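Note sheet for the following structure.
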There are 2 protein chains.
Amino acid sequence: MSTKTKILDAAEQLFAVRGFNGTSLREITSQAEVNLAAVNYHFGSKKELIKAVMSRFLDVLSPRLTLALVKLCEDETPPNLVEVFSSFVEPLLHLNEVKENGTSNFLQLLGRGYTDSQGFLRWFLTTTYPEVISSFVNAVQKAYPELTREEIFWRLHFTMGTVVFTMSSSDALIDIAVNDFDKQTDISDVIKRVIPYVAAGVGAPINKI
Amino acid sequence: MSTKTKILDAAEQLFAVRGFNGTSLREITSQAEVNLAAVNYHFGSKKELIKAVMSRFLDVLSPRLTLALVKLCEDETPPNLVEVFSSFVEPLLHLNEVKENGTSNFLQLLGRGYTDSQGFLRWFLTTTYPEVISSFVNAVQKAYPELTREEIFWRLHFTMGTVVFTMSSSDALIDIAVNDFDKQTDISDVIKRVIPYVAAGVGAPINKI
DNA sequence: GTCTATAACTAGATAGAC
DNA sequence: GTCTATCTAGTTATAGAC
């Protein structure tokens with residue numbers, strides 16, 4: 001296993017748990033059992049390392065997810081919102097096959113990236129992987145044509161919040177669920193629970209304000 | 001204006017924008033125009049300062065919100081979910097009268113607190129202000145009795161995510177909305193938009209998994 | 001490519017003069 | 001209560017030997 005990969009793996013796990021700001025290069029390199037200077041040799045800076053960690057997931061997820069959404073829209077009959085959000089399940093869970101804990105790590109990182117580091121990750125995501133977002137907006141518009149683009153904008157951000165926040169604290173939530181309700185739960189259960197919630201939210205009646 | 005208040009005001013604003021980890025005591029004291037050592041003199045540590053900033057809001061919000069929720073549940077007819085979530089509006093907007101930008105700052109801080117600092121704020125909130133949470137769970141249960149406690153647990157966390165995430169990036173979202181849709185928007189508009197979303201989410205049909 | 005050593009800087013906290 | 005000065009420990013990043 002190369003030094004580069006060792007760094008990426010350690011960074012991924014630590015970033016997910018402690019956030020980007022909360023993780024030092026020293027912690028990463030000591031967990032990876034490589035030299036501190038290796039990060040700067042291989043990635044140039046901490047910011048570039050963050051991008052590399054995210055890209056490793058996004059390069060796998062983005063085409064799969066875009067394809068699923070485009071395919072759904074090709075049907076004669078328009079999709080419903082539960083179907084739109086269900087399109088995320090396979091591409092997201094596929095990350096578990098690429099990497100141990102891939103799905104959970106990725107979603108937690110996404111959550112971190114939106115609140116740590118003043119929106120730099122939002123910028124990176126929207127400029128580097130815009131096709132995911134546009135195919136998603138497209139699918140929602142087909143499923144619920146009465147929604148204005150403005151209303152879609154807001155509701156997609158609410159959805160992003162729901163998912164990202166839930167996932168960034170999913171470990172704690174799963175712990176609580178196991179203790180309080182004595183139910184074994186994992187990340188795919190959480191995903192299945194969140195789909196009806198966000199589908200209903202996006203599909204809520206339009207409120208004139 | 002006392003040194004203590006000057007520190008609280010500066011910390012509140014900086015924490016909201018940059019997060020707790022992302023704000024140094026030096027930034028706070030220099031914006032407050034007080035001496036660095038004053039923070040430790042008045043609050044003891046950065047952690048205690050964070051608690052003090054949050055408590056200033058929670059001491060006002062908590063009784064008002066609890067009262068509104070309890071009152072709603074006293075009616076003969078059970079409340080609907082839109083009414084439950086609408087109960088939050090007045091107590092939240094009231095924070096604007098206590099402090100300039102109070103509502104927005106508080107909600108942003110709440111968002112920060114859930115992702116920064118490994119759940120220490122979650123612990124602080126649930127142990128110090130438990131009556132808000134229990135009166136909320138109670139109201140939801142009255143509005144939608146078919147929901148199991150476990151399902152309520154999950155959906156309330158999804159809701160927390162929606163609100164907290166939206167609010168922690170509300171400045172950026174409002175900017176985008178103003179630019180892309182040419183619509184003046186403020187925090188109370190965002191709150192009004194989010195209510196139908198979360199009400200529909202919590203009220204979603206139950207999915208057997 | 002990988003290492004040691006260290007530069008250059010920032011963090012939170014505190015002792016002690018006033 | 002408020003100040004300066006300083007401590008200790010942490011940070012990212014890099015120069016240069018191997």
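Treat the numbers as computed from the prediction; the structure is a model and nothing was measured. Residue numbering restarts at 1 for every chain, and letters A, B, ... go by the order of the sequence lines.
Between A/K6 and A/E33, none of the side-chain N atoms (NZ, or NE/NH1/NH2) sits under 4.0 Å from a carboxylate O, so this pair counts as no salt bridge. A salt bridge links B/R193 with A/E150: the closest approach of a Lys/Arg side-chain nitrogen to an acidic carboxylate oxygen falls below 4.0 angstrom. A salt bridge is defined here as a Lys NZ or Arg NE, NH1 or NH2 lying under 4.0 Å from an Asp or Glu carboxylate O, and A/K192 with A/D186 fails to meet this definition.
In this structure, B/A38 reaches neither bases nor backbone, as no heavy-atom distance under 4.0 Å exists between it and the strands shown. Nucleic acid contact for A/T23: sugar-phosphate only, since backbone atoms but no base atoms lie under 4.0 Å from a heavy atom of the residue.
A donor N or O paired with an acceptor N or O is not found under 3.5 Å between the base of D/dG10 and the side-chain atoms of A/R26.
Ring centroids of A/F88 and A/F136 are separated by less than 6.0 Å, placing the two rings close together.
The nearest heavy atom of DNA chain D to B/K4 and to A/L25 marks one nucleotide each, and the one closer to the 5' end goes with B/K4.
Regarding A/Y41, its OH atom lies at a distance of 7 Å from the P atom of C/dT2, rounded to whole Å. Between B/I28 atom CD1 and C/dA11 atom C1' the separation is 12 Å, expressed in whole Å. Atom pair B/I7:CD1 and D/dG1:C1' shows a separation of 11 Å (rounding to whole Å applied). Across the protein-nucleic acid pair, A/E33 atom CD and C/dC3 atom C1' stand 16 Å apart, rounded to whole Å. Straight-line distance from the NZ atom of B/K6 to the P atom of D/dG1: 14 Å, rounded to whole Å. Per the geometry, CG belonging to A/L49 stands 15 Å off P belonging to D/dT11, to the nearest Å. Distance CG (A/L36) to P (C/dT4): 10 Å, rounded to an integer number of Å. Whole-Å rounding puts the B/F43 CZ to D/dG1 P distance at 12 Å.
A cation-pi arrangement is absent between B/K4 and B/Y41 under the rule of less than 6.0 angstrom and at most 45 degrees off the ring axis.
The phosphate of C/dT2 (OP1 or OP2) has a side-chain N or O of A/T3 nearer than 4.0 angstrom. Between C/dT10 and B/S24, no contact under 4.0 Å exists linking OP1 or OP2 to a side-chain N or O. Residue A/N35 places at least one side-chain N or O closer than 4.0 Å to OP1 or OP2 of C/dT4. Side-chain N/O atoms of A/S45 include none lying less than 4.0 angstrom from OP1 or OP2 on D/dT12.
You'll find that the side chain of A/K46 is closest to D/dA13, out of C/dT4, C/dA15, D/dA13.
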